[in-house]
Each structure stands twice: as structure tokens, then as C-alpha cells.
Amino acid sequence: MADEPATPLAWADLSEGMTATVPFSVSAEDMRLFAQVSGDYNDLHVSDAFAQSKGFDSAVVYGGLLVAKVSNLIGMRLPGLNSVWTRIALDFRKPLYVGQEAEVTGTVASLSESTGMVGLKLAVRREGKVLAKGEAEVLLVKR
Amino acid sequence: MENADIYAKITEIFHDVFDDDTLEVTPELTASDVDEWDSLSHIRLVLSIEKAFGLKFSAAEVGRLKNVGEFVDLIKSKL
């Protein structure tokens with residue numbers, strides 16, 4: 001259960017440039033659960049030794065888990081309660097490792113009054129460096 | 001922009017949204033003519049057309065449209 005309810009933003013509350021940021025870190029237990037739910041047991045994500053043999057510091061956090069954090073942002077914060085998520089494109093640029101602090105930010109890039117569609121720019125950052133970048137489209141259901 | 005050019009552009013959009021390259025986009029075409037034309041694909045259509053032509057429509061303008069021909073007239077009026 002969430003600590004706080006989803007933010008109930010209305011269309012009039014939204015403006016281009018508006019942002020929301022959700023800090024997070026991924027634990028070993030999160031990785032284990034994601035492997036179980038997704039069925040993805042690729043060694044890159046479950047074996048430090050394998051990940052290191054591929055040039056990474058340790059097991060790499062699933063890109064799908066970063067998308068899950070985007071889901072948190074969209075579903076709970078921006079636009080929040082009245083959202084129906086319709087599209088995502090996310091480039092994974094740098095790895096995130098277990099236990100590292102990061103944050104996902106959404107910025108309103110476009111608003112289509114005729115359709116109720118909110119365009120978001122997305123970024124996942126750690127210590128100011130971009131780990132992932134992309135965009136999403138979210139329908140704000142007005143009724 | 002000529003009618004033919006507008007229809008060429010929106011035909012491409014219709015083909016993409018409905019994943020059907022055989023769909024013929026005529027002025028008389030309405031949602032009831034296309035099986036997959038539901039509220040979500042309608043939104044995707046309008047949004048794609050806004051982006052393709054660099055236009056913004058109001059909810060009222062879009063709500064009044066009866067067929068593709070009227071949509072093309074709306075596009076032309078804003079170009």
C-alpha cells in the first residue's frame with residue numbers, strides 16, 4: 001500500500017515545464033522480485049561476476065525496474081490519479097547498480113487540449129548524471 | 001497545402017494508427033466504418049494529426065467533426 005494517495009491533478013493544474021521528481025534506490029530484494037515477476041533471469045542482472053565480465057561494476061539494475069519507477073512517477077505524481085499511460089520510450093544510457101541512490105524526473109513537454117494527452121520528458125539521474133532519458137504520453141481522463 | 005497532400009498525410013497516419021495499409025481514407029469515412037476506431041485510437045489519430053501538421057485543436061472543434069472530410073476542412077482552416 002502507498003504511503004500517500006495519488007496526486008489528483010486536473011487539466012487546469014498542468015502547465016508546460018511543470019516537473020515532479022521521485023527519488024529511489026533498488027535493493028537486492030527488488031531485483032529478486034522483478035526477476036520473479038518478469039521471468040528475466042539474465043545473468044547481467046543476477047550475477048555480479050557475469051556483469052563484471054561484461055565490463056560492468058556489478059549486476060545491473062533492470063531497465064524494466066527504471067520503467068517501474070516511471071510508473072510510480074506517472075501514476076502517483078504527474079499527472080497522478082487521473083492518468084492512463086499510453087506510451088513510453090526510454091533510452092538506457094548508463095547503468096544503475098543495486099543500492100545506488102537515483103531519481104526519476106518527469107517534465108510536462110506538451111499539452112493537447114483536444115485529446116487530454118500530456119507529453120512528458122523523462123530523465124533518470126544519479127548525482128546529476130543522466131542514466132536514462134526518454135518520453136511518455138499520458139491521457140488525463142477528465143471524467 | 002492542397003487537399004491531395006493533406007489526404008496523403010492523414011492516410012499515412014490512419015494506416016499507422018489502425019495498422020492497416022489497405023484502409024481507404026475518404027471524406028465520408030467515420031468511426032463506424034472502421035472496426036478498431038475506439039476512443040483511444042481516436043485520441044491517437046487526433047494527436048498524430050496535430051503533430052504532423054503542427055496544429056492544436058480545441059476539444060470543441062474536434063467534438064463537432066462528423067467525418068474525415070470535416071476534419072480535413074478543419075486542418076485546412078488552420079494552415
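Residue numbering restarts at 1 for every chain, and letters A, B, ... go by the order of the sequence lines.
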For A:Glu16, look at atom CD and say whether over 12 heavy atoms of other residues, nucleotides or ligands are found less than 6.0 Å away. yes

Return a table of donor-acceptor pairs under 3.5 angstrom between the side chains of residues 45-53 of chain B and protein atoms on other chains or two or more places apart.
unit_1  : atom_1 : unit_2   : atom_2 : d
B:Ser48 : OG     : B:Arg44  : O      : 2.7
B:Glu50 : OE1    : A:Ser112 : OG     : 2.7
B:Glu50 : OE2    : A:Ser114 : OG     : 2.7
B:Glu50 : OE2    : B:Phe57  : N      : 2.9
B:Lys51 : NZ     : A:Glu137 : OE2    : 2.5

What's the separation between atom NZ in A:Lys133 and atom NZ in A:Lys94, rounded to the nearest 0.5 Å? 11.0 Å

Could you tell me which residues in residues 66-79 of chain B have at least one non-hydrogen atom under 4.5 Å from a non-hydrogen atom of chain A, sorted by residue number? none

Whether B:Glu12 and B:Lys9 form a salt bridge (side-chain N of Lys/Arg under 4.0 Å from carboxylate O of Asp/Glu) is what I want to check. no

Less than 4.5 Å apart, side chain to side chain, heavy atoms only: is that true for A:Leu66 and A:Phe24? yes

Just wondering, are more than 12 heavy atoms of other shown residues or ligands nearer than 6.0 Å to CG in B:Asp35? no

